[in-house]
Amino acid sequence: MSEALIERLVEFAESGNQQKIIINGTSYQGWIMEITEDALLISTGFADKSGKDFWLNFTDLTTAELYYWDNHVDEWVAFKL
């Protein structure tokens with residue numbers, strides 16, 4: 001993937017307290033843990049036993065809705081790649 005896309009994803013990962021990614025109606029809410037050259041890892045849940053990690057390919061993110069939790073306004077804010 002392009003360096004510019006990776007930089008935007010890093011910016012997304014550093015935005016807000018949590019991130020939410022919706023792909024084809026499936027919502028992944030949690031924290032971006034890792035970004036590679038073709039995917040990102042989002043960790044969901046609040047504990048090791050209830051949380052799960054998901055690798056999401058960049059190709060899937062082209063149609064995804066991205067949000068981050070903004071503590072200043074206490075709401076989800078849309079993020080555009």
N24: which residues meet the side chain to side chain contact (heavy atoms under 4.5 Å, CB included) condition with it, sequence neighbours left out?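 N24: no side chain to side chain contact (heavy atoms under 4.5 Å, CB included) contacts found.
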Quick check for you: to the nearest 0.5 Å, what is the distance between [X] atom [atom1] and [Y] atom [atom2]?
X: Q19; Y: S43; atom1: CD; atom2: OG; value: 11.0 Å
X: Q29; Y: W76; atom1: CD; atom2: CH2; value: 4.0 Å
X: I21; Y: L56; atom1: CD1; atom2: CG; value: 5.0 Å
X: L40; Y: W55; atom1: CG; atom2: CH2; value: 8.0 Å
X: N57; Y: I23; atom1: CG; atom2: CD1; value: 8.5 Å
X: F54; Y: T44; atom1: CZ; atom2: OG1; value: 5.0 Å

Check: D70 side chain, H72 main-chain N or O, donor-acceptor pair, under 3.5 Å:
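Yes; judged by distance alone, with no hydrogens or angles, the pair exists.
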Practice problem: Kindly say whether N17 contributes a backbone atom to a donor-acceptor pair with the side chain of W31 at under 3.5 angstrom? | Solution: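 Indeed, once roles are kept as given, a pair shorter than 3.5 Å links the two residues.
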Do [X] and [Y] belong together in a cluster built from hydrophobic side chains that touch within less than 4.5 Å?
X: L66; Y: V77; value: yes
X: L61; Y: L5; value: yes
X: V10; Y: Y67; value: no
X: L81; Y: W69; value: no

*What do the steps show when you test I32 against L9 for side-chain contact (heavy atoms from CB on, under 4.5 Å), and what is the final call?*
CA-CA 9 Å; I32 307 298; L9 287 171; over 6 Å; no
All heavy atoms of G30 vs all of I42, minimum pair found to be N-CD1, 3.9 Å
- Message: Please verify the inter-ring angle class for F79 with Y68; under 30° counts as parallel, over 60° as perpendicular, anything in between as tilted.
- Response: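 If you compare the ring of F79 with that of Y68, the planes turn out perpendicular.
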query = Is there any salt bridge (charged side-chain N to carboxylate O under 4.0 Å, His left out) pair reaching into residues 8-21, and which pairs are they, with sequence neighbours excluded?
reply =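 Passing the test, one end in residues 8-21: R8-E11.
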So salt bridge (charged side-chain N to carboxylate O under 4.0 Å, His left out) across residues 72-81, not counting sequence neighbours, yields none
